[in-house]
Each structure stands twice: as C-alpha cells, then as structure tokens.
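Excluded from the calculations below are hydrogen atoms, water molecules and symmetry mates; all remaining heavy atoms, backbone and side chain alike, are included. First listed ligand is number 1; within each ligand, the first listed atom is number 1.
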Amino acid sequence: MKEFCASEIVPKTEKLEDTRKMPKDIIKTLANFELLGMVIDPEYGGLGTDVVTAGIAVEELARADPSCSIPVLFLVGTSWGHVLNKYGTEEAKKEILPKAIKGEQIIGIATTESDIGSDLGSMKTKISKKGDKYVVNGEKMYISGVAEAVEYGGGHVTLAKMTPEKGTRGMSLFYLPLKDTPGITPTYVEDIGREAISCGGFDIKNVEIPKHYLIGEENKGFYIVHEGYELARGLISLVCAGAAAKALENGIAYIKERKAFGRPIGKYEGIQFKLAEHHVRIQALRDLGYKALWTYDQEIQGNASRFDVSMAIAMAKSVAPIWAFDAINDVMQWQGAFGYTKECEDQKAWRAVRSFTLAEGSSEIMKLIIARELLGKEFLAYR
Ligand SMILES: Cc1cc2nc3c(=O)[nH]c(=O)nc-3n(C[C@H](O)[C@H](O)[C@H](O)COP(=O)(O)OP(=O)(O)OC[C@H]3O[C@@H](n4cnc5c(N)ncnc54)[C@H](O)[C@@H]3O)c2cc1C
C-alpha cells in the first residue's frame, strides 16, 4: 500500500479538490490494484480479505490524500459492498458487485434526508410493493457519491419505511441505481472539505425497482444498515488516524526547521508537549481503530457479539475525528500564517476530518451507543 500510494495516488492528489467529483482514472487506479473489492467474496471478483486488511489500506490512502476524498470512496464502497455481499440476492450480487470491483460503478449509502439524519425512525421515504416490483417515493440528502453514481453508473444502498406503523422494525434496505433511473432527480451541495467526492441528494418519485434489489428480508433494513455503518465507522477511525499521523509528520519536519527567537520552534516545550500529546492520541486511535475492526472480524467468525462490535466501533469513532482535528489544527498553528493558506496541505486534512464528526453517525450518537452498552437499553432516552 505504501509503495502503491507513493507512485499512484500521491501524484494524483494535488489538484484533486478542484474536481468536486472523483476523477474516473483514480477509480480505475484503485480497481487495478484490487482495492475496490477487498472484502467481497472471490466468486464475485473480490479478494475476500478480512476488514482489518481494509483498515490498513484506508489508513495508507488517508496518509496519501490529504483531502480524504479517495479514502471516502474506498470506505463507502467497501462497507456497502460488504453489506450487499452478505445480504444481497444472488442475482443482485452477480449484477452489481463485479462492476463495482472493476471500477465501472460505485456503491454508496443513502439513509439521511433533509429533515432527519440521526433519527432514522422518523424518515419519510417509503417503499411499497407493486406486483412483482417495489415502488419508492421520498428524498435523500447529504449523500456522498451522488454525481459519480449519476454520471459513471452505480447506486446507493438505501433505507426506507415499508411498514411505517412498526417504526424502525418496519424499514427495508434496497439497492437504488441512480444513473438513467426514471424518477430520480439529483441535487448537489458544496462541502467545505473532501471536495473530490461529490455530496448531494436526490428526489425519488415513483421509482420502480425489481424485487431482487431488496437487501435482506423485508422490514429488517434498520438492523442490516447498522452492520454497514459499523464497518464504515471503523474504517473512518483509521482514516482519521492516517490523516493526523501524516499531518504530524509534516509538523515535525516544519518545527525542526522553522526558527523563532534564535532557535527552531521544536526546541520549545510549548510545542513539544503538544507534539507528544498528539503522538500518543494518534497511536491510541490506531489501537482503538484496529481493535474495532478486529472485533468486527471476530463477529464475522462467530467469536464476538454484535454488542461487542457496537461498543468497540463507537469507542473508536467517538474520538477519531476530534483527536485528528485537534492534532491537525496544532500542526497548522505551528506553521504560522502559512498554515492558514490554501498552499498548506494540512488544511485540506483539517477540513476533511471535520466531516467525520457527522458523516456515518455523529460523535454524539457514538457516545449514546457507548452509554447504552454501559447502562442497558432501558436507559435510552427515546424509549
Ligand atoms: C460530508 C458528509 C457526508 C455524508 N454522507 C452521507 C452519505 O453518504 N449517506 C448518508 O445517508 N448520510 C450522509 N451524511 C449525513 C450524516 O450521516 C448525518 O449528517 C448524520 O447522521 C447526522 O444527521 P443530521 O445531519 O441530520 O443531524 P441531526 O440528526 O439532525 O443532529 C443534529 C445535531 O444534534 C445531535 N444529536 C441528535 N440526536 C442527539 C441525541 N439524542 N443526543 C445528543 N445529541 C444529538 C447530532 O449529533 C448533531 O450534532 C453525510 C454527512 C456529511 C457531513
């Protein structure tokens, strides 16, 4: 991964944030190195690795791409590819996975709507049966990878209400292709970071999907979607660790050279203490992130429970973007006025990791999960 990133990724990242859409040649580059189907079964063209190995890949991608756009493309495809691989119908898997693995289509996730994000049980989008098909109506918003799916091909693993009176027990998960789908109208928003992966939404008006696009059983979508979210959150922890570690390396090089009051600023305790604190946090974050993904692997092998996974993942994701943001912020501070310019590579990472206090589950929701595991479900505020 280190050699691949140095030769294939780093040279492609300089102007990446100007694109507002992942360049197709980067998707192909990832596919050619067999990164787009790491955890997918070999019968569909994947490598069938464990998720810890995907964590190693994404950590390196984050070190290579300060905008974190490439890691986001990777982690979304990995997590929701895994969900399709595990719960999708045979027909859907044969149709979708080989194309995603070859970089001909992307796979994203769509649960958030304009009015709800954390509170999935209050979503408005509905899916209902119509003969041998399903019909979907509603909208999704703040979704990564919309432009790529609309233009290059692919779609989003999508959550909607099927039996509204049952709340979260009445939601279903399905694959929704976006390219040339009648009834899909995309819209776009401008993120303040990770600009090279698009963010947007889509209106869904009487969109018909075939039955084989259902993922898992009807009305089980709320539970299945969390398996994807947990994998994504674990990978995000390592994106944050990789981005912060790279920034700290940049910072170390800078404070050894930059002089103030007659000596390198790295000689001052005020700088050294911060450096030491961030180094410890980044190492702790790597431990938390890999432990979380290892626990995920253990659950796949039947050696850990879903609760073990929820706890380990939430612990890592609750601190990852905050610790990474703080570390990168101090690296920018060490660089003085230069650190506040667009020339400074670290500001890209600073803007990117900030997204992860929200994306794939907010920091506050991670703490609710940890507290739920410690106190018991009867202490959930919304029960
Ligand atoms: C860059 C980016 C990319 C994204 N990509 C995707 C994507 O691809 N697919 C997708 O479906 N979504 C995506 N999202 C949306 C993301 O999942 C949501 O932003 C997130 O779930 C929070 O939902 P919300 O923004 O609606 O905030 P809300 O749920 O409205 O919450 C608002 C604030 O209140 C806090 N809060 C809510 N409930 C509680 C509580 N009980 N206790 C304490 N605090 C609480 C939240 O933590 C948050 O800080 C993306 C978001 C960003 C920023």
Contacts table for ligand 1: protein N or O within a distance under 3.5 Å of ligand N or O, distances only.
{"residue": "ligand 1", "atom": "5 (N)", "partner": "Y142", "partner atom": "O", "Å": "3.1"}
{"residue": "ligand 1", "atom": "5 (N)", "partner": "S144", "partner atom": "OG", "Å": "2.9"}
{"residue": "ligand 1", "atom": "8 (O)", "partner": "I109", "partner atom": "O", "Å": "3.4"}
{"residue": "ligand 1", "atom": "8 (O)", "partner": "S144", "partner atom": "N", "Å": "2.8"}
{"residue": "ligand 1", "atom": "8 (O)", "partner": "S144", "partner atom": "OG", "Å": "3.4"}
{"residue": "ligand 1", "atom": "9 (N)", "partner": "I109", "partner atom": "O", "Å": "2.8"}
{"residue": "ligand 1", "atom": "11 (O)", "partner": "T111", "partner atom": "N", "Å": "2.8"}
{"residue": "ligand 1", "atom": "11 (O)", "partner": "T111", "partner atom": "OG1", "Å": "3.1"}
{"residue": "ligand 1", "atom": "11 (O)", "partner": "T112", "partner atom": "N", "Å": "3.0"}
{"residue": "ligand 1", "atom": "11 (O)", "partner": "T112", "partner atom": "OG1", "Å": "3.1"}
{"residue": "ligand 1", "atom": "11 (O)", "partner": "Y229", "partner atom": "OH", "Å": "3.4"}
{"residue": "ligand 1", "atom": "12 (N)", "partner": "T112", "partner atom": "OG1", "Å": "2.7"}
{"residue": "ligand 1", "atom": "12 (N)", "partner": "Y142", "partner atom": "O", "Å": "3.4"}
{"residue": "ligand 1", "atom": "14 (N)", "partner": "Y142", "partner atom": "O", "Å": "3.0"}
{"residue": "ligand 1", "atom": "17 (O)", "partner": "T112", "partner atom": "OG1", "Å": "3.4"}
{"residue": "ligand 1", "atom": "23 (O)", "partner": "S118", "partner atom": "N", "Å": "3.4"}
{"residue": "ligand 1", "atom": "26 (O)", "partner": "G117", "partner atom": "N", "Å": "3.1"}
{"residue": "ligand 1", "atom": "29 (O)", "partner": "S118", "partner atom": "N", "Å": "2.9"}
{"residue": "ligand 1", "atom": "29 (O)", "partner": "S118", "partner atom": "OG", "Å": "2.6"}
{"residue": "ligand 1", "atom": "47 (O)", "partner": "S362", "partner atom": "OG", "Å": "2.6"}
{"residue": "ligand 1", "atom": "47 (O)", "partner": "E364", "partner atom": "OE1", "Å": "2.7"}
{"residue": "ligand 1", "atom": "49 (O)", "partner": "E364", "partner atom": "OE1", "Å": "3.4"}

Discussion item. Going by the rule salt bridge (Lys or Arg N to Asp or Glu O under 4.0 Å), which residues pair with E364 if we only count those two or more places apart in sequence or in a different chain?
Written reply: none
Discussion item. Does this structure show an ion pair linking E43 with K93, if we count only N-O contacts that are shorter than 4.0 Å?
Written reply: no
Practice prompt. Using atom types as modelled and distance alone, determine if a side-chain donor or acceptor of R63 lies under 3.5 Å from a backbone N or O of G242.
Written response: no
Item to complete: Could you list who else is in V135's hydrophobic cluster, with ILVMFWY side chains joined at under 4.5 Å, directly or through other members?
Response: none
Fill in: Set of ring-ring contact (aromatic ring centres under 6.0 Å, His included) partners for Y175, sequence neighbours left out
Y213
Worksheet item: Is there a donor-acceptor pair under 3.5 Å between the side chain of K140 and the backbone N or O of L159?
Response: yes
